[in-house]
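Remember, it's 1-based here, ligands and their atoms both numbered in the order they're listed. Computed from a predicted structure; not experimentally measured.
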Amino acid sequence: MAVKVDVITIFPRMIEAGLAEGVVGRARTAGLLDIVVHNLRDFTTDKHHVVDDVPFGGGPGMVMKPEPFFAALAAIREQRGTPDAVVLLTPAGERFTQDGARRLAAIDHVVLLCGRYEGIDERVREALATEEISIGDYVLSGGEVPALAVIDAVARLVPGVVGDDQSVEADSFTRGLLDYPHYTRPAEFDGRKVPDVLLSGHHGEIKKWRRETALARTVARRPDLLADAALDADEREWLKRSKS
Ligand code: 4HQ
């Protein structure tokens with residue numbers, strides 16, 4: 001059964017364009033992902049389809065009105081059933097990680113709410129959102145890019161979306177470590193040689209080199225990841241020796 005996702009946005013073409021390419025685009029065509037993008041302006045009742053208004057209390061910028069979000073959610077409930085999660089994309093949310101992607105991938109029906117301007121009327125968060133997610137500590141101009149990031153990370157975990165299960169298995173965060181370096185032909189380019197071990201055909205040695213370079217990179221660049229990484233006895237030993 002397909003994973004159901006609904007996105008509410010004032011820029012539906014931005015979401016559709018981001019979902020049309022690559023593995024996610026193929027998974028949609030194949031029916032593995034059931035994603036519907038809703039134009040928030042379709043749920044306004046005024047002639048000019050206004051979705052924003054001035055902030056109570058004054059201050060800069062505009063705030064997204066609550067009513068169109070409530071109407072869009074009501075329509076989704078009628079057309080698609082009551083969702084299991086309603087996610088508001090906001091810098092104030094819980095940081096999105098691979099664990100968060102795994103958790104969402106196990107949920108049958110998720111709605112994503114994308115805000116623009118200064119933000120969305122607080123009553124949408126209170127009454128409609130079941131959780132809030134941030135993709136990182138930087139300010140974007142809307143929740144659309146975060147929604148695409150969440151959908152992409154979740155989609156990859158749906159069985160069949162990434163053709164080769166071993167690719168997902170090999171993904172850096174599946175093991176909680178950074179990836180090892182990748183090379184393809186030519187064996188020498190502009191004086192830069194591919195490491196000999198990768199040309200050797202010694203699969204045991206290649207595996208060992210990849211594990212060690214992945215570990216060395218993680219130690220150098222993201223030592224914070226090591227606390228939760230899935231390391232075997234050899235890797236723990238290598239790590240201990242690398243410290244002395
Ligand atoms: N936003 N992670 C939407 C973000 C953001 C983030 C800024 C969300 C603007 C209206 N969302 N508001 N970072 O920067 O999720």
Side-chain angles (χ1 to χ4, degrees), residues 3-19 21-22 24 33 35-44 46 48-73 76 83-107 109-158 171-173 222 224-225:
V3 166
K4 251 155 95 173
V5 180
D6 288 78
V7 185
I8 303 175
T9 170
I10 61 167
F11 294 127
R13 287 178 304 180
M14 192 174 166
I15 300 290
E16 290 291 358
L19 297 178
E21 313 287 339
V24 173
L33 302 172
I35 307 175
V36 177
V37 186
H38 306 266
N39 187 346
L40 187 69
R41 289 191 199 280
D42 293 346
F43 301 93
T44 55
D46 64 305
H48 294 105
H49 303 288
V50 174
V51 293
D52 62 334
D53 203 344
V54 295
F56 272 124
M62 298 292 272
V63 175
M64 297 189 89
K65 294 161 64 60
E67 302 95 318
F69 282 100
F70 280 79
L73 235 308
I76 289 169
D84 304 296
V86 178
V87 178
L88 176 61
L89 286 316
T90 165
E94 183 181 330
R95 178 70 66 83
F96 189 57
T97 62
Q98 192 64 24
D99 278 339
R102 287 189 198 106
R103 186 177 58 76
L104 287 183
I107 296 179
H109 184 191
V110 179
V111 175
L112 302 175
L113 307 179
C114 305
R116 283 265 151 181
Y117 316 113
E118 298 309 304
I120 306 179
D121 186 283
E122 183 67 6
R123 290 162 292 188
V124 170
R125 186 191 67 73
E126 282 174 9
L128 299 182
T130 62
E131 57 182 287
E132 297 166 68
I133 290 179
S134 166
I135 64 160
D137 294 341
Y138 35 80
V139 181
L140 299 168
S141 40
E144 285 77 13
V145 165
L148 286 170
V150 168
I151 293 169
D152 191 278
V154 169
R156 300 177 52 76
L157 300 175
V158 174
D171 272 342
S172 63
F173 282 113
R222 292 296 308 279
D224 58 299
L225 295 178

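Between the CD atom of Gln98 and the CG atom of Leu157 there is a distance of 5.5 Å, given to the nearest 0.5 Å.
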*Decide salt bridge (charged side-chain N to carboxylate O under 4.0 Å, His left out) for Glu122 and Arg125; before the verdict, give the C-alpha distance in whole Å, the side-chain angles of both, and the deciding distance to 0.1 Å.*
CA-CA 5 Å; Glu122 183 67 6; Arg125 186 191 67 73; 2.5 Å; yes
*For Glu67 and Arg123, what are the C-alpha separation, side-chain angles and deciding distance, and is it a salt bridge (charged side-chain N to carboxylate O under 4.0 Å, His left out)?*
CA-CA 10 Å; Glu67 302 95 318; Arg123 290 162 292 188; over 6 Å; no
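Between Tyr117 and Val51 the shortest side-chain heavy-atom distance falls below 4.5 Å. No side-chain heavy atom of Asp52 sits less than 4.5 Å from a side-chain heavy atom of Lys65.
Residues satisfying the salt bridge (Lys or Arg N to Asp or Glu O under 4.0 Å) criterion with Arg41, sequence neighbours excluded, are absent altogether.
Within 4.0 Å of ligand 1, protein heavy atoms belong to Leu89, Thr90, Pro91, Gly115, Arg116, Tyr117, Ile133, Ser134, Ile135, Gly136, Tyr138, Val139, Leu140, Gly142, Gly143, Pro146, listed by chain and number.
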